[in-house]
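Okay, so here's the structure we're looking at.
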Amino acid sequence: MSSSVTRQTFDEVMVPTYSPTDIIPVRGQGSRWWDREDREYIDFSGGIAVNVLGHAHPAMIKALTEQAQKLWHLSNIMTNEPALKLAQRLTELTFADKVFFSNSGAEANEAAFKLARRWGNTNFGPHKSTIISFQNAFHGRTLFTVCVGGQPKYTQGFEPLPGGIRHLPFNDVAALEAAMNDTVCAVVMEPIQGEGGVLPATPAFAQAARALCDKHQALLVFDEVQTGNGHTGTLYAYEQLGVTPDVMTTAKGLGGGFPIGAMLTTSEIAKALPFGTHGSTFGGNPLACAVAGAVLDEITRPEIAANIAARSQQLQDGLRALGQRYGVFGAPRGQGLLLGAPVSDAWVGRAREISAAALKQGLWVLVAGPDTLRFAPALNLTEQDVAEGLERLDRALATLVADGKASAAA
Ligand SMILES: *Cc1c(COP(=O)(O)O)cnc(C)c1O
């Protein structure tokens, strides 16, 4: 059956929202996966910060297959054990008292933004509805979440757009101070802007946002869809910023590859979404919650924290050395195993060429916008994975630079 489909089939039967590579991966193990020709790739992308335990992790397979034999779906008319256990665990591990489960990051954010609006409306009145967010932010692809996101290319052509949203420059305390007033119901930010280029919020900015939200009685919403679930070295990135949000969303790595998202908040704020005000058919389904529970057990082990620190150092050292040798990109930024390397002046707009060259050498690296290489590998990738991945990147850069010199000479 599988041999009857090819990359060409994609163009024939898929809505053209994506433009996938010619490679069709068929199986994975740890931080490696193989295509139809059995070519091996090292995975420095983690499926865009999703596969926190790599591919085919035994604890995830066990959780999924055990649950698959018990109960798949009931709807939210019934609760279920995996969802209750996961929510209990998440509230133990974070600031939050309450959890709402979704199927994706966008849906978790949709829930957070709807909560913020309804919280403002219920507690203060309809005037309290402004959402402040930041340029280059990414919060998902539903209409509300692209509007709160700060990348106009994702809203163009979809007008009319929901209103009441203001975008400010990121990490600009003065701009935020000037924009805050009592109509603001929420300030929404990523602790590290992921899609926007792996740009960390400064602790001073996050702390100022916290103080300004307190002063103007607004909710501080952290979108930890990408930064969460261990990537930055702590379970959630807010732990390192000296700031506790009122609402936090997560997804991506939460299910380690099984679709699930969550919005977390306090008991008091959760009162703004009483019975019947929001919902989801699949959110909190037993399969997703069973897998996420297993993922959470694994990624909170001390060995994983130690591995994140060691592999982060190894990867950063390697990237710094390659950056210096070839002059294609500069020193990496970010935290833990969510790193970005900004391209040098000569390579502005061409990050994608570098990632394509890496793929040819059997290494999958991401970009974040046109000017940043992005690394979001599994938290359990091995020293050998990093070393070999860096060797493949070395070969890719050597080829790229040699080709550039050849075409300049021609
Ligand atoms: C990926 C991402 C989202 C969207 O998540 P989906 O699961 O694709 O809907 C939202 N916010 C951030 C910060 C993300 O990185």
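Numbering starts at 1 and runs along the sequence shown. Read the numbers this way: they start at 1 and go in the same order the structure lists the ligands and their atoms. Any value given below was found using the heavy atoms of this structure, including those in side chains, with hydrogens, waters and symmetry copies removed.
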**Pair Glu190-Thr227, side-chain donor/acceptor within less than 3.5 Å** = no

**Item:** Pair Ser31-Asp43, side-chain donor/acceptor within less than 3.5 Å
**Value:** no

**Asked** Tyr154 and Phe138: aromatic ring centres closer than 6.0 Å?
**Response** yes

**Request:** Say whether Asn380 and Asn307, considering side chains only, have a donor N or O and an acceptor N or O under 3.5 Å apart.
**Result:** no

**Item:** Distance-only donor-acceptor check, side chains Thr265 and Asp246, under 3.5 Å
**Value:** no

**Message:** Pairing donors with acceptors under 3.5 angstrom, does anything connect the side chains of Thr183 and Thr130?
**Reply:** yes

**Request:** Taking only heavy atoms of the protein into account, state which residues are under 4.0 angstrom from an atom of ligand 1, in chain and number order.
**Result:** Ser104, Gly105, Ala106, Asn109, Phe138, His139, Gly140, Glu190, Asp223, Val225, Gln226, Lys252

